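All values reported here derive from a predicted model rather than from experimental measurement.
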Amino acid sequence: MSLLTILRYPDPRLHTVARPVAAVDERIRQLVDDMCQTMYEADGVGLAATQVDVHECVIVMDTSDSRDQLQVLINPEIIAASAEMHVAEEGCLSVPLVYDKVERHARVTVRALGRDGQPHEFEAEGLAAICVQHEMDHLLGKVFVEYLSALKRDRIRTKMLKKARDDLRGD
């Protein structure tokens, strides 16, 4: 396994729409393993392949307190969503140290392939529902800050660009 580089907003590659995985083969399983290591190392609860510059429909997530309930979602789709909405504060490994409130469906039912290539369905609520919707947005080329006002997005963009410049200079 190896750590992957997480793209940072406003990198335009984060807006690339992912393509479906044609076959769950050794290459995809290696990607899943590398994404898991990267997510856990970065102390995240979810990671989409788009965030590591691989534009295929792959998500890893673990919203458990014990950090031992990994879920692998290949070609995920939301097949049902509650009418009830919930607002919660979100963050993102691609937008470090930025948190803001986003409205999402309170519960979703998801169908996906697992690491073994077998289909499965599950219902998610709470943090898991937020996480799966957030990560699926990444597969569609959408970053959570796009739910925020233009003013907030511009401030975040400026902050992230400044941080990138400072990091390059070693500040």
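- Val58 places a side-chain heavy atom less than 4.5 Å from the side chain of Val21.
- Summarising the geometry of Ala23 relative to Ile28, their closest heavy-atom pair is O-CG1, 3.6 Å, with the distance given to 0.1 Å.
- Atoms CG and CG, from Leu4 and Leu31 in turn, are 7.0 Å apart once rounded to the nearest 0.5 Å.
- Scanning all heavy atoms of the two residues, the minimum distance from Asp68 to Ser64 falls at N-OG, 3.2 Å.
- Note that CD of Gln69 is 6.5 Å distant from CG of Asp62, once rounded to the nearest 0.5 Å.
- Looking at His138, its side chain never comes within 3.5 Å of a backbone N or O of Thr50 through a donor-acceptor pair.
- Summarising the local packing, CD of Glu123 is surrounded by 12 or fewer heavy atoms from other residues, nucleotides or ligands at distances under 6.0 Å.
- In the hydrophobic cluster analysis, where Ile, Leu, Val, Met, Phe, Trp and Tyr join through side-chain heavy atoms closer than 4.5 angstrom, Ile59 is grouped together with Phe122.
- Summarising the geometry, atom CZ belonging to Phe144 is positioned 12.0 Å from atom CZ belonging to Arg153; distances are rounded to the nearest 0.5 Å.
- Classification of Asp137 and Arg104 as a salt-bridged pair holds, one side-chain N sitting under 4.0 Å from a carboxylate O.
- Remark: side-chain polar atoms of Asp154 are not paired, donor with acceptor, to backbone N or O of Arg157 under 3.5 angstrom.
- Salt bridge Asp166/Arg169: present, at least one basic N to carboxylate O contact under 4.0 Å.
- In this structure, Leu14 is not a member of the same hydrophobic cluster as Val52, with clusters built from ILVMFWY side-chain heavy atoms closer than 4.5 Å.
- Taken to the nearest 0.5 Å, the CD atom of Glu125 stands 10.5 Å off from the OG1 atom of Thr109.
- If you take CG on Asp53 and OG1 on Thr5, they are separated by 9.0 Å, rounding to the nearest 0.5 Å.
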Query raised in the report: Do Val108 and Val132 pass the side-chain contact (heavy atoms from CB on, under 4.5 Å) test, and can you show the C-alpha distance, the side-chain angles, and the key distance before you say yes or no?
Result: CA-CA 9 Å; Val108 293; Val132 75; 3.6 Å; yes

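- In this structure, Lys142 is positioned above the aromatic face of Tyr147, its NZ or CZ under 6.0 Å from the six-membered ring centre and within 45° of the axis.
- Not one N or O on the side chain of Gln37 forms a donor-acceptor pair closer than 3.5 Å with the backbone of Asp34.
- Using a 4.5 Å cut-off on side-chain heavy atoms (C-beta onward), Gln51 and Cys92 make contact.
- Arg115 and Asp33 are joined by a salt bridge, as a carboxylate oxygen and a charged side-chain nitrogen come within less than 4.0 angstrom of each other.
- Under a 4.0 Å N-O distance rule, the pair Lys163/Asp167 qualifies as a salt bridge.
- Surrounding CD of Glu77 are more than 12 heavy atoms belonging to other residues, nucleotides or ligands, all under 6.0 Å away.
- In terms of modelled atom types and a separation under 3.5 Å, the side chain of Arg67 and the main chain of Tyr40 share no donor-acceptor contact.
- Taking 4.5 Å as the limit, some side-chain heavy atom of Ile156 sits within range of a side-chain heavy atom of Val95.
- Of the possible polar contacts, none joining the Arg29 side chain to the Asp116 backbone as a donor-acceptor pair under 3.5 Å is found.
- In the hydrophobic clustering of ILVMFWY residues, with side-chain heavy atoms under 4.5 Å counting as a link, Val54 and Leu73 come out apart.
- Cluster annotation: Val24 and Val72 are assigned to the same hydrophobic cluster (Ile/Leu/Val/Met/Phe/Trp/Tyr, side-chain heavy-atom contacts under 4.5 Å, transitive).
- When all heavy atoms are compared, the tightest approach of Met61 to Cys131 is CB-SG, 3.8 Å.
- Formation of a donor-acceptor pair under 3.5 Å by the Asn75 side chain with backbone atoms of Ala112 is not found in this model.
- The two residues Ala106 and Ser82 make their nearest non-hydrogen contact at N-OG, 3.3 Å.
- For the pair Glu135 (side chain) and Ala48 (backbone), a donor-acceptor distance under 3.5 Å is present.
- A 4.5 Å side-chain heavy-atom check between Leu70 and Met39 finds at least one atom pair inside the cut-off.
- Counting heavy atoms from C-beta on, the side chains of Leu161 and Pro10 come closer than 4.5 Å.
- The shortest distance between side-chain heavy atoms of Ser94 and Val143 does not fall below 4.5 Å.
- In terms of heavy atoms, His15 sits closest to Gly141 at ND1-O, 3.0 Å.
- Counting only heavy atoms from C-beta outward, the side chains of Pro76 and Met136 approach each other to under 4.5 Å.
- In this structure, NE2 in His86 is found 9.5 Å from CG in Leu127, a value given to the nearest 0.5 Å.
- Arg107 and Glu84 are joined by a salt bridge, as a carboxylate oxygen and a charged side-chain nitrogen come within less than 4.0 angstrom of each other.
- The pair Arg27-Glu56 meets the salt-bridge criterion, with a side-chain N (NZ, NE, NH1 or NH2) lying under 4.0 Å from an Asp/Glu carboxylate O.
- For the pair Val98 and Lys159, the tightest heavy-atom approach, listed with the atom from each and the gap, is CG2-NZ, 4.2 Å.
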Query raised in the report: Given the rule in the side-chain contact (heavy atoms from CB on, under 4.5 Å) test, do Val110 and Ile79 qualify, once you have shown the distances and angles that lead to the verdict?
Result: CA-CA 6 Å; Val110 179; Ile79 57 174; over 6 Å; no

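- Using a 3.5 Å distance cut-off with no hydrogens or angles, the side chains of Glu90 and His134 do pair a donor with an acceptor.
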Requested in this report: May I have the step-by-step check of side-chain contact (heavy atoms from CB on, under 4.5 Å) for Gln71 and Val60, ending in yes or no?
Outcome: CA-CA 6 Å; Gln71 290 183 282; Val60 297; over 6 Å; no

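- In this structure a side-chain-to-backbone donor-acceptor pair under 3.5 Å is present from Arg8 to Leu93.
- Val145 has its side chain out of reach of Lys152: every pair of non-hydrogen atoms, C-beta onward, lies at least 4.5 Å apart.
- Of the possible polar contacts, none joining the His105 side chain to the Ala83 backbone as a donor-acceptor pair under 3.5 Å is found.
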